[in-house]
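Inspection log for the structure reproduced underneath, given as C-alpha cells.
Fair warning: this is a prediction, and the values are worked out from it, not measured in the lab.
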Number of protein chains: 2
Amino acid sequence: MSFPPRYRAKSRVDLSGEESRAKAVAVATELFATAGFKGTSVAAVAAKTGLSQSGLLHHFPSKAALLAAVLEERDRQDGDFLTGTTAPPLGWAAFDSLTALAARNSTRPHLVGLFVRLAAEAVEPSHPAHTWVQQHYAGIRGWLTEAVQAGKDRGEIAADAPVGTVVRTTIAVIDGLQQQWLLQPGEVSMTADFEAFVGTLRARWSIVGSG
Amino acid sequence: MSFPPRYRAKSRVDLSGEESRAKAVAVATELFATAGFKGTSVAAVAAKTGLSQSGLLHHFPSKAALLAAVLEERDRQDGDFLTGTTAPPLGWAAFDSLTALAARNSTRPHLVGLFVRLAAEAVEPSHPAHTWVQQHYAGIRGWLTEAVQAGKDRGEIAADAPVGTVVRTTIAVIDGLQQQWLLQPGEVSMTADFEAFVGTLRARWSIVGSG
DNA sequence: GTCTATATTTCGATAGAC
DNA sequence: GTCTATCGAAATATAGAC
C-alpha cells in the first residue's frame, strides 16, 4: 500500500499530471484535425480527455496555448524527419525523402488533417497558428530550394531548371494530394501519385546518366 | 416624386430586397473566404451588409442557407468557365483552359480563399458544404479525365500516360498553388507556376509533333 | 423587408474548494 | 491536479411591431 499523494516526496514528478497533459494534446490534435481550431471547443477536448474543462485549462492557460502545445508536439514528431541532425539529402535524393514522407503521412491521417485544416484556417494573419504555418512553409521551401540548387551544382539537375517553380510546384502537389486523400479516404495513394510526379520532374530536368 | 413603397403595385419585384440579398451574399463570400464558415458569425455578415441580424435572416432562414446561397453564386460565376454550354476542350487544350482559369483566379482572391477555406473545413462529412466540395472535385476530376482520355484517343497524349495520376496531380497543383498564393500574396504567380507544370507534363507525355 | 427585443445555447475563462 | 460553480461574451435563431 502506497502513501496517499500528499505524502509523496516533493521532488517526485507527477506522472499522472503529465499523462493527462499528454493525452489532452493527443485528443486536441485529433479534434483540431477534424473540426479545425475554431470548430473545436475546449469543453470537447476536456470531455474526450476525461477531464473537466477547468481540469484541462489547468495545463493550458488558454485554448491558444493548447494549440501551441499541439503544434509543438507535431513538430517534435515530424521535425527530425526532414530537418534532423543528419545531413539533409541533396539533389533528387531530397525528392525521394519527400516520397518517404508521403508514405509515412499515409499512415497518420490525424497529422495530415491537422495540417490541412490549420494551413487553410491560418491564412489569416490574426489566426493563432498563422506564424507557425508561415514558418512551416518557409522551412520546407528553404530545405527543398537548397537541395535543388545543390543538385544543380553537382551536375544532377539541369542548370536551366527553374528552382523556385519546381520547389513551389512540388510543395503544391504534396498539399493538394493530402486534400484529396482526406476527401477520398482509401481511393487515393499519395505516395504513388507523388512518386509519379517526381518521375515527370526527373524526365524533364535530369542530366542524362546521373538521375 | 414617387409613391411610398406601400402603394406600389403588388406585382412589382421588390428590387431593394433583392439588392440586400445580393449584397449579403457578396459580403458572406468575403467573410467566409477569410474567416471560414465556422469563424464567421451571422451578425458580422449582417453588420457589413448594412442590415440587422434579423433583417439578414429574413432572406436566409439559417446560416447554412446563407452558405448555400454563397456556393450557388460561386458556381454561377465559375460554372460556365469549364462546364459551360460550349464544347469542352480536349487533350492539351484542357490544360490551357486550366491555365486561363488560374490567371482568372489570380484576380479574385475572395473566391480562391472561399474555396481553399471551405475545401479544408468541409472534409468532415457533417460540414454543410461537404457535399458541395465532393461534387466540385468529382466534377473537375471527370472533366479532366475525359479530356486526357480524348487526348489519347486523338493521338495527342501518349497512350501509356497514367490518366488518374495525371488528373489528380494536376488538381493537386492547382489547389496547392492557391494555398501558397493566399499565404504569400504577391510573391507567387499561380499562372506561371501552373504553366510550367503543364510544360513538364507535355515534355513527358506529349506525342511528338502533336503537342 | 427591416427593425428591436429576446430566447436559448455555447463559448472561453476564472474563482475557490478539496 | 482536479473538481464544481459561475461569469461575461458571443453565437444562432425566433417573436412580433412597423
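Salt-bridge formation is detected for the pair R202(B)/D96(B): a Lys NZ or Arg NE/NH1/NH2 atom is positioned less than 4.0 Å from an Asp or Glu carboxylate oxygen. The pair E30(A)-K48(A) meets the salt-bridge criterion, since a charged nitrogen lies less than 4.0 angstrom from a carboxylate oxygen. R21(B) and E18(B) are not joined by a salt bridge, as no carboxylate oxygen comes within less than 4.0 angstrom of a charged side-chain nitrogen.
Non-hydrogen atoms lying under 4.0 Å from DNA chain C are contributed by H58(B), H59(B), all within residues 56-72 of chain B.
Between S20(B) and dG1(C), a side-chain N or O to OP1/OP2 separation shorter than 4.0 Å is absent. OP1 or OP2 of dA11(D) has at least one side-chain nitrogen or oxygen of S41(B) nearer than 4.0 Å.
Following rounding to the nearest Å, Q53(A) (CD) and dG8(D) (C1') show an atom-to-atom distance of 14 Å. The NZ-C1' distance, from K38(A) to dT10(C), rounds to 14 Å in whole Å. One atom, CG of L51(A), and another, P of dG12(C), lie 16 Å apart when rounded to the nearest Å.
Taking only distance into account, the side chain of S54(B) never meets the base of dA13(D) through a donor-acceptor pair shorter than 3.5 Å.
T49(B) comes within contact range of no nucleotide atom at all, as no heavy-atom separation falls under 4.0 Å.
Using a 3.5 Å distance cut-off with no hydrogens or angles, the side chains of T165(B) and D193(A) do pair a donor with an acceptor.
In this structure a side-chain-to-backbone donor-acceptor pair under 3.5 Å is missing from R141(B) to V167(B).
A side-chain contact (heavy atoms from CB on, under 4.5 Å) with L67(A) holds for exactly one of F32(A), F60(A), W132(A); it is F32(A).
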